[in-house]
Amino acid sequence: MNKADADVSLLNQAESGLPQEDGQEVAYAAELAAFAEALAGGDTGALAAARAELDAVAGRAVTADAAAIAANFQCMTRVADATGIPLDTPMMAASQSVRDKLDFHQYASATNSKPIPRPLRPVARLLGKAIPVILKRVRLKL
Amino acid sequence: MRSETAPAFFLDDSPYPIREGVLEAYRELWQRFSEPGDSWTGAQRIAIAQESRDAKDCDLCVRRKQQLSPYGLNESHVLSDNGKLIGAAAVDCVHRIVTDPARLSRRMVEDARSSGLSDEQIVELIGITCVTMAIDEHYRALGLPLAPLPEPVPGPPRGRRIAEDRQEIGTAYVPMLARDSAVGDEADLWSGRRTAIHIIRALSLVPDALRDLTILSNEQYLTLEEAPAFALQPEGRAIDRLQMELLATRVSQVNECFY
């Protein structure tokens, strides 16, 4: 299993922090992950190939919107790391287990955030389970 | 001040169905970038945007990235005429942000300060660099040519500053607007909420830089109101929320962004 597979696998689990129905899967997950990876990796050839694959399986409307999201996170990651903001504590608590599994703590930018103290980790684990459930119930008042 | 003629940027002529709201946001951002900012002139702001493009082909940045340390090479960028408009320290910041995001550190900001850049100049620079990159990356991702940059609007920087007693210092490398200080002219910044998470506050020392980021993200990603609503499927999108978060996670992972 490569890292992209691992991401997709995690996103298919409730503990990813994303609320999901049982058995729900991410459509075109492998193609979307490859597309995002190629853009962020800056490999023009890989990007063209990933785009063609995504076009073929999902259609150009999906590719256009996927490109916008990936581009936005090319921006947001740089805003976060150029300004040196720490991760907000509730977000840290909600995503602790997935960060541990994907070994995000090895990143240089992890030093901007204080880890949750060991005694508080059980509370963080509970919060990590509760927050996605809460978020799932958030509805907009339109 | 606005140009008399609307710029013919981001026309709806792509083989990909880019949403009109996205194109409209890009046009608005190009217009905003062309005008004098709080700390840089319009010409300097467009020079920052151009430098974010030039960084992609920078030989020094390629060689730097191969070093064990991002400061392993004792070399400086050779400034183009464009680069001379903003100076060596600003060029160095822009290039590092674009080409080596995983190894950005406090040193970049401290070096910029030591070279005479103000915190406001640094924050405004980060905003223009990152937002320009987001627009360009959308087009690169689709294999489309980049839009030409707009002509700058003449005039001096506006010089607005957030008062020191409203700044939060020490949480990040740069000061931010304090959580309870989004009032008065800045009342819109947290979208009417009492506080905001750090990624929203990151550029808030220069409120217009945060407004630029909000204009961008509302269309490329989600609004502040939509973002926490994981059960919501935003209207008019061809991808669902899980697909959005998969893309976001993968890009963040490649860029080694802990946030």
Side-chain angles (χ1 to χ4, degrees), chain A residues 3-4 7-8 11 18-20 24 26-29 32-33 35-37 39-41 47-48 51 59-88 91 102 104 107-110 112-113 132 135-140, chain B residues 15-18 22 97 101-106 108-109 123 126 129-131 133-135 137-138 140-143 171-174 197-199 202-203 213 216-217 220-221 225-226 228-232 237-239 242-259:
Chain A
K3 276 213 161 187
D7 292 345
V8 173
L11 280 166
L18 293 173
Q20 291 182 266
Q24 185 180 359
V26 183
Y28 316 122
L32 289 168
F35 183 59
E37 182 177 349
L39 180 67
L47 179 59
R51 181 172 60 244
R60 288 190 159 188
V62 167
T63 306
D65 272 355
I69 299 288
N72 191 255
F73 279 82
Q74 284 280 74
C75 165
M76 301 307 276
T77 53
R78 285 168 169 81
V79 169
D81 291 340
T83 57
I85 52 170
L87 186 63
D88 307 76
M91 292 168 66
L102 291 177
F104 284 0
Y107 299 162
S109 58
N112 296 331
S113 303
L135 288 176
K136 189 176 180 180
R137 283 165 174 70
V138 172
R139 291 286 190 278
L140 288 182
Chain B
Y16 285 91
I18 302 175
V22 173
I97 292 167
R103 300 196 294 178
L104 294 173
S105 68
R106 187 179 295 277
M108 180 188 79
V109 171
V123 170
I126 292 170
T129 300
C130 294
V131 172
M133 188 176 179
I135 296 171
E137 287 292 276
H138 191 183
R140 277 196 194 96
L142 297 176
T171 301
Y173 305 154
V174 293
I197 58 174
H198 290 144
I199 190 63
L203 300 179
L213 189 65
L216 176 85
S217 295
Q220 278 192 334
Y221 180 50
E225 290 76 19
E226 291 167 335
F230 280 105
L232 177 83
R237 307 296 180 98
I239 59 177
L242 286 174
Q243 292 172 311
M244 289 183 185
E245 298 308 319
L246 169 61
L247 288 156
T249 302
R250 193 72 194 112
V251 170
S252 300
Q253 204 176 7
V254 173
N255 288 334
E256 298 190 5
C257 178
F258 185 75
Y259 194 92

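What you see is a predicted model, and the numbers here were worked out from it, not measured in a lab. In what follows, chains carry the letters A, B, and so on, assigned in the order in which the sequence lines appear, proteins first and then strands, with residues in each chain numbered from 1. All values below were derived from every heavy atom in this structure, side-chain atoms included, with hydrogens, water molecules and symmetry-related copies excluded.
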If you look at every heavy atom in [X] and [Y], which pair is closest and at what distance?
{"X": "A:Gln74", "Y": "B:Glu137", "value": "NE2-OE1, 2.7 Å"}
{"X": "B:Ser217", "Y": "A:Asn72", "value": "OG-ND2, 3.2 Å"}
{"X": "A:Cys75", "Y": "B:Leu216", "value": "SG-CD2, 3.9 Å"}
{"X": "A:Ala82", "Y": "B:Val109", "value": "O-CG2, 3.7 Å"}
{"X": "B:Gln243", "Y": "A:Tyr28", "value": "NE2-CD1, 3.6 Å"}
{"X": "B:Leu104", "Y": "A:Arg78", "value": "CD1-O, 4.3 Å"}

So which part of [X] gets closer than 4.5 Å to some heavy atom of chain A, the side chain, the backbone, both or neither?
{"X": "B:Arg106", "value": "neither"}
{"X": "B:Leu213", "value": "side chain"}
{"X": "B:Val22", "value": "neither"}
{"X": "B:Ala248", "value": "both"}
{"X": "B:Ile126", "value": "side chain"}
{"X": "B:Met244", "value": "both"}

Chain B: which of [options] shares the most heavy-atom pairs with it under 4.5 Å?
{"options": "A:Ala110, A:Ala68, A:Gly59", "answer": "A:Ala68"}
{"options": "A:Ala108, A:Ser113, A:Ala40", "answer": "A:Ala40"}
{"options": "A:Ala66, A:Pro86, A:Ala27, A:Ala70", "answer": "A:Pro86"}

Answer with side chain, backbone, both or neither: which region of [X] has an atom nearer than 4.5 Å to a non-hydrogen atom of chain B?
{"X": "A:Leu47", "result": "side chain"}
{"X": "A:Asn112", "result": "side chain"}
{"X": "A:Ala61", "result": "both"}

Check your understanding: Got a sec, which residues hit ring pair (Phe, Tyr, Trp, His ring centres under 6.0 Å) with A:Phe35, two or more places apart in sequence or on another chain?
Key -> none
**Study point:** Partner residues of B:Phe258 under the ring pair (Phe, Tyr, Trp, His ring centres under 6.0 Å) criterion, sequence neighbours left out
**Key:** A:His105
Review point. Quick one: which of A:Asp88, A:Leu87, A:Thr83 gives a side chain to side chain contact (heavy atoms under 4.5 Å, CB included) with B:His198?
Key: A:Asp88
Residue pair [X] / [Y], side-chain heavy-atom distance below 4.5 Å:
{"X": "A:Thr77", "Y": "B:Pro101", "answer": "no"}
{"X": "A:Leu39", "Y": "B:Val251", "answer": "no"}
{"X": "A:Phe73", "Y": "B:Leu247", "answer": "no"}
{"X": "B:Pro15", "Y": "A:Arg60", "answer": "yes"}

Point to revise | Exam field: side chain A:Glu37 to backbone B:Arg250, donor-acceptor pair closer than 3.5 Å | key: no
